[in-house]
Structures are given as C-alpha cells and as structure tokens.
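Comments concern the structure below.
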Amino acid sequence: MLPYLLGLLTLLVSTLTYAHPVIYKGGTMIASQNMEMFSDNQINYSFHQKWATGLNLWRFTRENEETTQFGLVRLNHLLKRWNNDDSQANIYISTGAGVAESNFNMKGTKAGYLGGVEGDWETRTLFTSLKFYQFSAPKLVDVSITQARIGLSPFEADFDKLQSWVMLQAMYMPQVERNVIVTPLLRFFYNNVLWEMGSSLRGEWFLNFMVHI
Amino acid sequence: MKKILLVLLLMSGNAFAEEISVKVQGMVCSMCAQGIKKKFSAIKEVKTIDVNLDQKLVSISTEEGRNIDDETIKKIITEAGYNVANIERK
C-alpha cells in the first residue's frame, strides 16, 4: 500500500528542491524531485519565516537495483538571508531523523538521519545554487549527494506571468558507479506552482514539481 | 449645529481609502513573493494588492475608512522573508 501512496504522491506533486526549504510564515511547500535513480518528496510547513518542519521521503536506487530509502521528519532553518535591491542570497541548514531501509552493502532497517546545507544566489535572470546532503543510517548505509546549479532566464517576467529558465544541474553521488550526472533542464513557474523537466547527458529523465500553499 | 458639522467632517475624512506603496528589498522571484500577496489579501483592511517586481513595489489600496499602520506592513513583509526599504502613503 505504501508504494502506491508514494507513487500517487509523486504523481501529484512530483520534486526535491531547488526550492527553498523555508518559505513565508504560515506557508506550506510540497515538492518532489524525480530521476531514474532517485526520488525525493517533501512537505514542509514554515511556522516562522526562518524555520520549517515537515516530512521527507527519499529513495535511491543503484545501477544493480539495490535500493536505499529514508523516511524522515525534517527541521529546516534559514541561517542567513541577504535581501538586496536586485538580488537575494540564502543559506539553509537542515536536519532530520526517522527510518532507513537499505540493501546496499547490508540489508536491514535502522534509524536514519539527515544533515544538509544549501545556498543560493539569484536575480531575476540569474540563478546559482549549491547543496550538500548526507543521509546516514549507522551500521547500515551512508549516502551523500552534492548538487550544483546555474540558471539563466531569457526575460524578466512580471509577478503574475509565466517565468521560464534554462538551467544546468550537476549532481555528484559517490556511492554509485556513474557518480556524476549532468542534467540540462527547463524550469517554469507561474504564481505558486513550479515545474521542471530535463534529461541528463546520458538520457536519464528528470521531472520536478513544487507548489506553495 | 457646529458639533454636528464637525462630526460629519471628521467622518468624511475617515472614509477615504489609502494608497500605500512599499519598496521591498530581495523581491526577485515571483513564486517566492506570492506570500506577500497571500498575507495582505487575508487582512480585512486591504481592498487590492499589487506586486511589481520591476519597481520592487508592493502597492496596497485599503478599504474606505480603513488603514494599515507601518508596523503591520513591516511585520507582513518580514514574515514573507523580505525587507522593507520605504513606505509611502497617498
């Protein structure tokens, strides 16, 4: 039943987040990032403009079909924000705890933890970000993921108009054989909905979705 | 009679709506700024709210006879994740 619910959630909200893990006070962010080898689904509620908490379902599959998945309760913190006239920059930190299940090197289910940091700088036409997350289940599995992005928007869209971006994402996961994935993608957002689609240089599909409620 | 006229005069003065322009720093992403519109739209004093990313302006029209103080405006903008640079009233 759980896989079906997760699948439904993925279809409905399909992202990880090149979304800010903390949004406006009282706002909820639902996000899902999906690629062939991993999916990351989150729901986070910002109870303060610098703090959010929520749930994170993270699944990672290696080339040989070995799978690791984490179900976590997350706490996200906006450590620092620079609001300038024509740009904004942010540093976030995240932690989480929950359950991990894996059959990578060892098979089993244990307590799982998450630690991460991410930063971004953006204007209305330029975007850069860098993030590092470590998923750990002691004596079971450790998985890390490093992602970097650079993006360009061809025009400055008005507040209530469709915004388009061309982006390049590089992802490094040392636990897999092909540990670097470079993915050109398109990002669109309109009002409170964001969606992204792309394909890695090796032809792996990439699909994101996010909504702020 | 003078008292009645004075009361009527004061009442008519209070009936004016207010146009407020708020200069906001950091407002570069329309999706992220949706919180500003959502928060202002939720308060009864606000008639219309407009966000202009080009000018970095949030324009608020109040209902007739109602106004919003600067502290409330700053609180809403701050809770949306931005900084208020300036508030102008017409």
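Labels below follow one simple rule: chain letters A, B, ... track the order of the sequence lines, proteins then strands, and each chain is numbered from 1.
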### Message
Just to be sure I understand the criterion: a residue of residues 45-53 of chain A counts if one of its heavy atoms is under 4.5 Å from a heavy atom of chain B. Which ones qualify?
### Response
A/Gln49
### Query
Is the cationic atom of A/Arg62 (NZ for Lys, CZ for Arg) positioned less than 6.0 Å from the six-membered ring centroid of A/Phe104 and within 45 degrees of its normal?
yes
### Task
Mind telling me whether A/Trp58 and A/Phe135 have parallel, tilted or perpendicular rings, with 30° and 60° as the class edges?
parallel
#### Entry: Side chain / backbone / both / neither for B/Lys39 at chain A, heavy atoms under 4.5 Å
side chain
#### Entry: Top of A/Gln163, A/Lys25, A/Arg124 for chain B proximity - count of heavy-atom pairs under 4.5 angstrom
A/Arg124
#### Entry: Ring centers of A/Tyr92, A/His20 separated by less than 6.0 Å
yes
### Message
Would you compute the distance between atom CD of A/Glu196 and atom CE of A/Met210 and round it to the nearest 0.5 angstrom?
### Response
8.0 Å
### Task
Determine yes or no for a side-chain-to-main-chain donor-acceptor pair under 3.5 angstrom, with A/Ser136 supplying the side chain and A/Pro138 the backbone.
no
### Message
Heavy-atom pairs under 4.5 Å with chain B - which of A/Asp158, A/Leu78, A/Thr123, A/Asn191 has more of them than the others?
### Response
A/Asn191
### Message
For A/Ala157, which atoms come within 4.5 Å of any heavy atom of chain B: side chain, backbone, both, or neither?
### Response
backbone
### Task
Check whether A/Asp160 gets within reach of chain B through its side chain, its backbone, both or neither, counting any heavy atom under 4.5 Å.
neither
## Note on the structure
Residue pairs passing the salt bridge (Lys or Arg N to Asp or Glu O under 4.0 Å) test with at least one member in residues 197-211 of chain A, sequence neighbours excluded, are A/Arg178-A/Glu204, A/Arg202-A/Glu204
### Message
If only side-chain N and O atoms count, and only distance matters, is there a donor-acceptor pair under 3.5 Å linking A/Glu118 with A/Tyr133?
### Response
yes
### Message
Checking B/Glu45 against B/Thr62: is there a side-chain donor and acceptor pair closer than 3.5 Å?
### Response
no
